[in-house]
2 protein chains.
Amino acid sequence: MEEILRQQIEKIVPLTDDEFQLVLSHFSVGKYKKHQYIVQQGNPVPYVHFVVKGLLKSFYIDKSGKSHILQFAMEDWWITDNQGFYNEQNATLNIDCLEDAQTYYITLENREKLCAELQKMEFFFLQKMTAGNIALQNRILSLMSKNSEERYIQFIQLYPDLIHRIPKTLIASYLGISRETLSRLSH
Amino acid sequence: MEEILRQQIEKIVPLTDDEFQLVLSHFSVGKYKKHQYIVQQGNPVPYVHFVVKGLLKSFYIDKSGKSHILQFAMEDWWITDNQGFYNEQNATLNIDCLEDAQTYYITLENREKLCAELQKMEFFFLQKMTAGNIALQNRILSLMSKNSEERYIQFIQLYPDLIHRIPKTLIASYLGISRETLSRLSH
DNA sequence: GCATTAACGTGATTTAGGTCACAAATTATC
DNA sequence: GATAATTTGTGACCTAAATCACGTTAATGC
């Protein structure tokens, strides 16, 4: 399982065995069951999670009670409520497990410590954050410029693996359309 | 003008005079006129710009020819086509000036050099990128959970300064609604 | 293995917002 | 300062997608 984290980091910066052990020592392992919440609206957000097994989603519940999925996270993905975590505020999002899951998680303090001890990790996080920005900007443009069907097709292209692991209802919620509309699209 | 850049950085990391001179030496100054393009779809994106004067917008033109505004940038804001700049690809966005503008701009190479020479600048860029992520995620949730009127009200709250500098047509394009709908909202 | 819950499909109806068209008002530009 | 260009408002009409309401099928949990 550790290997997944190591490979994820080494896609961006090479690590010696010792360095990876140092990295690892700043993380903890968490195991969660399907339906379990790891972040809840209104509560603190102590960790960022790197998923090594399973599938999670982060979502926002609006004032009318409707739920909107911001992110899915499967193996090799990071997930947290960014606003809560980085600004040390209470969560505005919820995160729960769609499948039994295992993560490596880290606190803000340990993340900063790690970056101070191993400069290249700061570069790693900057690269990840940059890639995240690009993806988010593309999602915004997609929401603004594409209709339901185009967004669904794009989702299939971007995340072919997820289609078979996630109920259509949740994909609809991620795409910002109703489950009925999505049902009528998918032929 | 330099002072705006310095203050922007010092909001996050303190700098000595020498350090700031080092920072500054990696940037160049650009002056642009209203309607001038500084990034164009299909061309390389050599710089990130820090705006010290004026107002710019980045926008995407979809396949049906409609334009969607991704970002405005006035004094104290950063702007580029992230995907083009960081991945060294051709631009998918356009950036032009809504007012005569002046920026400090930096290449990817100089940015990396600067981070290597002055570690705290990497921390600075990471903080900025993180704040950007949070803002983008909120915008996505806003697009998914709020109607036109709510998004317009939110825009006014977030960017009260911009309301009087930007035609409503462009605000509509930023919010993802038609100018006619916005016109009917604003009483 | 059965009961409960969640997922999915589909019709009928509603609605927020888009599109088209035109006129008035405001702002740039030479 | 006159002319052109842009911005704004508003009516009439249209449409993509939401909502409501069923029934059916597939998972899931004990």
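Here is how names work: the chains are called A, B, and so on, in the same order as the sequence lines, proteins then strands, and each is numbered from 1. What you see is a predicted model; the values in this text were computed from it and never measured.
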Distance in angstrom units between B:L143 CG and C:dA16 C1', rounded: 15 Å

B:E75 side-chain N/O to B:V52 backbone N/O, donor-acceptor pair under 3.5 Å: no

Any B:S178 side-chain nitrogen or oxygen under 4.0 Å from OP1 or OP2 of C:dT19: no

Under 3.5 Å, which protein N or O atoms sit close to an N or O of nucleotides 25-30 of chain D? Give each pair with its distance.
residue: D:dT28; atom: OP1; partner: A:K34; partner atom: NZ; Å: 3.3

B:W78 and B:F50 aromatic ring geometry - parallel, tilted or perpendicular at 30°/60° bounds: tilted

Nearest-Å distance for atom pair CZ/C1', residues A:R184 and D:dA17: 9 Å

Inter-axis angle, terminal five-pair segments of the helix from C:dG1-D:dC30 to C:dC30-D:dG1 [nearest 10°]: 70°

Mutual orientation of the aromatic rings belonging to B:Y174 and B:Y159 [parallel < 30°, tilted 30-60°, perpendicular > 60°]: perpendicular

Whether A:E19 side chain and A:T16 backbone form a donor-acceptor pair below 3.5 Å: yes

NZ (B:K11) with more than 12 external heavy atoms under 6.0 Å: yes

Side-chain N or O of A:T181 closer than 4.0 Å to phosphate OP1/OP2 of D:dA16: no

Selection from D:dC20, D:dT10, C:dC8 that lies nearest to any side-chain heavy atom of A:E180: D:dC20

Distance, rounded to the nearest Å, where B:E149 contributes CD and C:dG17 contributes P: 9 Å

Residue pairs fulfilling salt bridge (charged side-chain N to carboxylate O under 4.0 Å, His left out) with at least one residue in residues 45-72 of chain A, sequence neighbours excluded: A:K57-A:D96, A:K63-B:E150

Between D:dA18 (P) and B:M144 (CE): distance, integer Å: 12 Å

Between A:Q154 and A:S142: side-chain donor-acceptor atoms closer than 3.5 Å: yes

Length of the CG-P vector between B:L182 and C:dG18, whole Å: 10 Å

D:dA17 phosphate, OP1 or OP2, under 4.0 Å from A:K146 side-chain N/O: no

Donor-acceptor pair, side chain of A:N94 and main chain of A:Q40, under 3.5 angstrom: no

For atom CD1 of A:I166 and atom P of C:dA7, their distance in whole Å: 12 Å

A:Y105 and A:Y47 aromatic ring geometry - parallel, tilted or perpendicular at 30°/60° bounds: tilted

Whole-Å gap separating C1' (D:dT24) and CZ (A:R179): 12 Å

